[in-house]
> 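After the structure tokens below, expect a handful of questions from me.
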Amino acid sequence: MRASFIAITLVFLSTCVGIGQQAPVQAEGKIRYLLTHNWTKKYAGLDYISQQRKERNAYMWGGSRSEWKEYADLYITPMASKYEESDEKAEDDDYGYSWRKETFVLRKNFETGMFKDHIEFLGKKYVIEDSIQVQDWKILNDLKEVAGHVCMNAVWEDTLKQQTVEVWFALDIPHSGGPEQLCGLPGLILEANINNGALLIEAQKIDWMTFTNEMDEPKKMKGKRINEAAYNELLKKHIEEKKKNEEPWFWGIRYF
Amino acid sequence: MKRAIALMAFLCLSLPFLSAQNPSRVTIKGTAVDSFENIMSYATVMLLNPVDTTLVNFTRSDEKGSFSFKNVKNRDYLLKISYIGYVPFQLNLEPAAAGENELGNLYMKPISNELMEVVIKTAKAPLRIHGDTIEYDATTFKVPPGSTVEDLLRRLPGIELDAEGNIKAQGKDVNKVYVDGKTFFGSDPKAATKNLGAETISKVQVYNEKSEQAQLTGIDDGKKEKAMNLELKDEFKKGSFGKITGAVGTEDRLAGRGNYNRFNEKEQLSFIAYGNNINETGVNWEDYGEFKGQNTFNNEDNGDFGFSQGGRYYTMGNDGDIPIAWFDGRGFTKNFGGGTNYNFDSKKTKFNINYFYNQSELTVDQFTDRQTFLTDTTFFNTDTTGKVDFRGNHSLSTRIEQKLDSNNLLIIKASGRIGNTNGTDQQYQIFSDENGKPVSFLNVDNTSGGDYWRVATASIYRHKFKKKGRSFAISGGYNQSVNDNLENLLSNNSGLAGIITQDNNSENDTRQLKSSLLFTEPITKRWFWETFYNFNQTDNYVNRQVADPENAGQRIDSLSIFYKNKTLYNRIGSVVRYSHEGLNFSLGLAGQQIQLDGEYARDRNEPLIGDPINRKFNNLVPNIDFEYEFANNMDIGASYEYNVQEPSLQQLQPIPNVNNPAFRYVGNPDLTPETSHSIGLNMGYWNPGNFSSMHIWTEYNIYDSRIVQSQSTEFTGDLVRVTSQPQNVSGGTRFSSGIWSSYPIIKTKFTVNLSGNINFNNSPVFVDAIETVTNSQGYSIRSGFSITPNKKLILGLNGNFRFDRTSYDINEDLTQNIQNHTASASIKWMFIDKTFLESNFDYSLYKNDRFTFDRNVSIFNASIRRLLGKSNRLELRLSAFDILNQRVNISQYATLNYVTRSVAPTLARYYMVSLSYNVRGYENKVKSRGWW
């Protein structure tokens with residue numbers, strides 16, 4: 001996922017205030033994303049599982065019950081972003097039982113070009129700090145509206161997790177951020193479709209506001225400090241082992 | 001990617017040499033304007049790699065529409081400008097000769113207002129612009145059900161249809177309509193649009209195509225024609241799978257089974273059939289899953305609301321409608337069955353219906369030794385049984401789950417079953433005194449036959465209120481089951497009344513009506529309050545008329561009875577629950593009333609015998625549940641509940657059931673419910689990093705009142721008669737605890753499993769009207785190794801050791817020690833491509849000091865299978881079962897005041913050859929695990 005990308009310089013000639021095209025954009029905002037996971041499509045994307053097993057899995061688990069929804073929030077300022085799981089639940093059935101919230105906060109500072117992720121991986125906490133590596137986006141030519149903004153699409157192939165990521169970025173929100181680790185486009189990423197619907201991330205609403213302490217970093221972050229290369233090594237090893245066992249590698253870790 | 005980098009690097013490095021006059025860096029400038037030369041401020045301007053459109057750099061135009069990329073590498077670029085409401089602008093740039101590449105005004109074309117407003121804004125459909133192709137997402141334009149493609153096209157902006165159905169796109173005639181890129185029934189474009197249903201189409205693409213003339217001649221005459229392509233939805237693409245197996249063996253063994261499934265995105269249809277005499281009594285779980293498809297698992301199906309509502313869980317939906325193979329290891333069976341299942345699944349509606357017929361005939365011979373301990377003596381009986389049992393039944397069941405809207409859900413289930421049974425039961429029993437001297441003999445020869453039907457219905461309605469977390473649910477159900485059974489009993493007892501003959505005609509009708517309500521109110525984001533109510537009325541009508549065929553079919557009054565029994569259950573309860581980030585805690589209390597009413601008579605419409613029974617039991621039932629998830633994939637849980645279980649109908653009926661005169665069963669109308677405190681603790685741990693896991697659980701039950709079978713034995717001279725009757729006793733405990741763990745010593749290659757459990761049970765019992773206590777302790781430990789040195793070989797080693805000790809307060813000397821141990825080894829090996837060896841060896845040891853019983857059984861199975869054909873569709877298998885010819889079923893246990901051990905022959909050594917065909921082909925690999 002964070003494999004070797006061409007790092008491109010993030011150039012911002014203008015700040016986010018008063019940008020043209022359409023409505024003026026406020027300096028700070030919160031974007032609510034709806035994440036729809038589709039288990040059978042995730043399973044279908046594994047090349048080391050036989051076609052028969054995939055089909056059986058889809059035959060029993062496919063259809064409308066293979067989906068699972070949750071919310072995530074992205075906070076943006078002109079030169080920074082913070083992305084985390086939302087406290088609000090998207091699944092109604094979920095009411096009455098609360099799962100433990102995984103540690104998962106991704107921070108990016110486009111001014112310094114650094115990111116700081118506080119995450120859990122295989123039951124252990126990590127703080128990953130390194131320079132931002134931008135995905136090598138291929139820009140496509142389609143237009144559609146997401147959450148009231150006209151977006152253009154771009155794709156990226158993740159060679160490590162073997163995922164095809166199609167995103168839609170807003171033409172009128174000049175911000176390089178996006179959900180999860182996605183970034184580096186001329187507009188804010190409002191939708192991402194990973195592996196043909198295995199995971200769909202869609203912006204639902206954008207609230208422009210003035211932040212109080214939303215972007216503050218906690219004084220202490222528990223977890224082992226590592227850089228991105230070390231994290232990628234851990235991830236790669238895990239995927240290799242799961243492949244050998246012919247089990248989905250995304251059991252126990254985040255799909256994306 | 002690396003190649004692209006290398007290429008770019010090469011290009012960058014070589015550029016100065018190839019075209020020496022070109023500078024290595026360049027500044028690219030331009031101005032974005034529309035066709036009326038209006039400036040386009042703040043347009044997005046991107047520099048892409050023209051080879052693969054990879055983003056290299058981007059900027060925005062300023063308020064005057066001007067932009068510049070300063071000091072970028074001088075190479076080929078694709079310049080792309082995007083602006084809302086305009087078709088994205090693209091321009092190929094070549095390396096510039098000077099340090100500044102001034103592009104001047106770059107003109108952007110507006111997207112037609114209609115397309116922009118309607119497609120992008122209103123329909124929220126991606127407007128895909130690939131060169132000159134515009135693509136519509138058909139699913140976002142709503143048309144009434146049954147509409148044709150024509151109706152759909154009329155709704156698409158930019159497309160017009162005249163009265164005859166001729167199509168125009170952006171004002172130009174569309175002369176060609178393709179379906180999935182292919183011409184649809186000749187060249188008339190209207191053939192497709194008038195005949196295809198709108199719901200089959202996922203995308204409509206409109207593009208310019210070279211004229212027919214140009215396509216024929218290969219010479220582009222510059223004329224373009226509008227063409228349209230209709231892309232079909234995936235769900236209208238179909239699939240199927242299935243397999244069939246036939247097998248013949250020595251000892252007249254035969255087996256066959258097959259299944260076939262057809263499906264598309266929304267529907268599944270499956271068929272299954274089997275027949276064999278190799279003790280496969282039904283379908284296995286794998287076949288069950290394939291048969292029921294998306295209806296295998298259902299959630300929200302439990303309408304008996306109560307203390308625990310939380311969590312998202314699926315229940316494997318086997319409501320008994322499909323026979324799952326289950327064989328207890330005794331005897332020989334002949335089995336046939338088959339059925340069909342249909343599922344429909346859409347976002348709003350889930351529908352399932354299935355039918356199944358199955359029959360099974362079981363023939364068992366069994367040899368049992370039993371020792372019964374009395375207060376002052378002991379006796380033995382040896383029992384030789386020969387039994388044939390036939391069961392056949394048809395079942396039909398259906399389930400509908402309908403989302404009325406996003407806040408209302410309705411589930412309706414119904415199933416029916418009809419069947420018949422018949423059987424014979426022959427027993428020869430010898431009773432001996434403590435010295436082993438035979439004192440009494442008993443011959444039993446019973447035949448029986450009957451039929452039954454059953455219906456079960458349930459409906460659940462769930463409503464969510466506008467306030468998040470507030471919800472209401474109501475459920476209702478009606479069940480009825482009717483059995484009619486005729487038994488002809490013949491017994492000859494040397495000690496009792498000699499030859500006894502009886503004809504038992506029994507009729508059993510049970511009707512159940514139930515309903516539950518649940519209301520959930522969020523107090524805060526983390527606190528919830530739930531209230532539930534349960535109602536259940538069960539009516540039983542039992543008529544057992546016993547006649548004496550030797551006496552002109554005269555009724556035997558002492559054994560005949562008709563009774564009506566009503567159980568009324570009402571429970572109202574409340575739960576307060578806290579749930580936040582992995583901590584879930586609930587505290588509940590319910591008040592419940594169980595009312596039992598019974599009337600007894602000799603026959604229907606005859607006067608009552610004795611007073612009617614009217615019993616009422618009121619209880620307060622508390623319930624506590626606690627669960628917590630730790631950060632390192634560990635969770636703990638604790639629970640407490642108070643259980644009240646009312647006596648069953650059979651336990652309450654007061655007239656003796658004497659199918660075997662030596663063993664009588666008499667019910668007890670005075671029984672009160674069984675009540676107990678139950679405490680549970682559990683801990684789970686999973687390490688996704690090293691794949692190890694562990695689960696520990698403990699359960700402790702303390703009985704206030706327990707229903708036990710009391711035994712009274714008449715054993716005088718040559719008379720042996722055991723009468724058992726359920727009775728309430730106070731006290732008694734049951735404790736069990738276990739651990740299950742798995743740890744990889746070498747990840748993916750060598751895994752160790754270790755599990756064990758202990759259980760202690762002490763139960764007061766009445767033996768010959770004297771209260772005494774039976775204590776039992778069981779210990780078992782199991783360890784296994786799974787070794788996978790490579791993809792072609794899987795080895796397994798397992799050991800299972802079990803010790804049971806039962807002691808009796810009436811006589812310490814009678815303590816029983818029973819041991820059952822098993823060691824097994826297995827191999828799965830692909831020794832040649834497409835050829836597999838599968839074998840297992842199990843060694844079991846059974847020991848009981850009391851009977852000086854010490855027996856071991858070795859089972860050795862092996863099979864070789866070979867996949868045939870290009871796509872491995874055929875499988876030929878040679879199997880040898882129980883090569884050492886030792887298979888036998890042994891069971892031994894000690895309880896109450898007796899200890900028993902029985903041996904039953906079953907299917908032993910046989911050889912089989914089978915041929916299977918799989919539509920999709922078999923996997924050419926060692927099967928490492930079940931498929932889910």
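So you know, we letter chains A, B, ... as the sequences are listed, proteins then strands, and number each from 1. The analysis underlying the following values was restricted to heavy atoms, covering all of them including side chains, and did not include hydrogens, waters or symmetry mates. Treat the numbers as computed from the prediction; the structure is a model and nothing was measured.
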> Flag the one option from Gly293(B), Ser346(B), Ser586(B), Gly921(B) with the top tally of heavy-atom pairs under 4.5 Å to chain A.
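Most heavy-atom pairs within the cutoff with chain A belong to Gly293(B).
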> Which bit of Ser471(B) comes within less than 4.5 Å of chain A, counting heavy atoms only: side chain, backbone, both or neither?
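Neither the backbone nor the side chain of Ser471(B) comes within 4.5 Å of chain A.
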> Thinking salt bridges, do Lys468(B) and Glu88(A) make one under a 4.0 Å N-O criterion?
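Yes.
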> Among Leu48(B), Asn687(B), Asn343(B), which residue forms the greatest number of heavy-atom pairs with chain A at distances under 4.5 Å?
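Among Leu48(B), Asn687(B), Asn343(B), the one with the most close pairs to chain A is Leu48(B).
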> Examine whether an atom of Tyr922(B) lies under 4.5 Å from a heavy atom of chain A, and if so say whether it belongs to the side chain, the backbone or both; otherwise answer neither.
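Tyr922(B) touches chain A through backbone heavy atoms alone.
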> Output the option from Ile139(A), Thr103(A), Leu122(A) having the highest count of non-hydrogen pairs under 4.5 Å with chain B.
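The answer is Ile139(A).
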> Hey, mind stepping through Thr40(A) and Asn38(A) against side-chain hydrogen bond (donor to acceptor under 3.5 Å, both in side chains) and telling me if it holds?
CA-CA 6 Å; Thr40(A) 48; Asn38(A) 187 312; 2.9 Å; yes
> So which part of Glu102(A) gets closer than 4.5 Å to some heavy atom of chain B, the side chain, the backbone, both or neither?
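For Glu102(A), neither part sits under 4.5 Å from chain B.
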> Quiz question: by atom type and distance under 3.5 Å, do the side chains of Asn924(B) and Asn872(B) form a donor-acceptor pair?
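No.
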> Counting only non-hydrogen atoms closer than 4.5 Å, does Phe630(B) touch chain A with its backbone (N, CA, C, O), its side chain (CB onward), both, or neither?
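Backbone only.
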> Check this for me, if you would: do Arg577(B) and Glu530(B) make a salt bridge, where the nitrogen-to-carboxylate-oxygen distance has to be below 4.0 angstrom?
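Yes, this pair counts.
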> In terms of heavy-atom proximity below 4.5 Å to chain A, should Asp345(B) be classed as side chain, backbone, both, or neither?
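Contact with chain A is through the side chain of Asp345(B) alone.
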> For Glu63(B), is it the side chain, the backbone, both, or neither that has a heavy atom closer than 4.5 Å to a heavy atom of chain A?
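Neither; nothing under 4.5 Å.
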> Side chains of Lys69(A) and His37(A): any donor to acceptor distance under 3.5 Å?
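No.
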> Select, from Glu241(A), Lys101(A), Lys125(A), Lys244(A), the one with the greatest count of heavy-atom pairs under 4.5 Å involving chain B.
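Top option by heavy-atom pairs under 4.5 Å: Glu241(A).
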> Say whether Asn57(A) and Tyr59(A), considering side chains only, have a donor N or O and an acceptor N or O under 3.5 Å apart.
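On atom types as modelled, these side chains do not qualify, holding no pair under 3.5 Å.
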> Using non-hydrogen atoms and a 4.5 Å limit, figure out which bit of Lys348(B) sits close to chain A: side chain, backbone, both or neither.
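Looking at Lys348(B), nothing touches chain A.
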> Can a salt bridge be assigned to the pair Lys747(B) and Glu240(A) using a cut-off of 4.0 Å between side-chain N and carboxylate O?
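Here Lys747(B) does not pair with Glu240(A) in a salt bridge, since their nearest N and O are not under 4.0 Å apart.
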> Give, as side chain, backbone, both or neither, the part of Ala154(A) having an atom under 4.5 angstrom from any heavy atom of chain B.
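For Ala154(A), there is no contact with chain B at all, as no heavy atom is under 4.5 Å.
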> Phe67(B) versus Phe58(B): any side-chain heavy-atom pair under 4.5 Å?
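In short, these two side chains do not touch, never coming nearer than 4.5 Å.
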> Just checking, any donor-acceptor pair under 3.5 angstrom between side chains of Arg32(A) and Ser86(A)?
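Yes, Ser86(A) and Arg32(A) have a side-chain donor paired with an acceptor closer than 3.5 Å.
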> Do you know which of Glu629(B), Met40(B), Glu923(B) has the most heavy-atom pairs under 4.5 Å to chain A?
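Answer, by heavy-atom pair count under 4.5 Å with chain A: Glu629(B).
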> With a 4.0 Å cut-off, would you call Lys41(A) and Glu67(A) a salt bridge?
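No, no charged N to carboxylate O under 4.0 Å.
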> Checking heavy atoms, do the side chain of Asp635(B), its backbone, both or neither come under 4.5 Å from chain A?
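It is neither, since no heavy atom gets under 4.5 Å.
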> Under 4.5 Å from any heavy atom of chain A, what part of Lys80(B) do you find: side chain, backbone, both or neither?
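Contact with chain A: side chain only.
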> Quick one: what part of Glu120(A) sits under 4.5 Å from any heavy atom of chain B, side chain, backbone, both or neither?
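Only the side chain of Glu120(A) comes within 4.5 Å of chain B.
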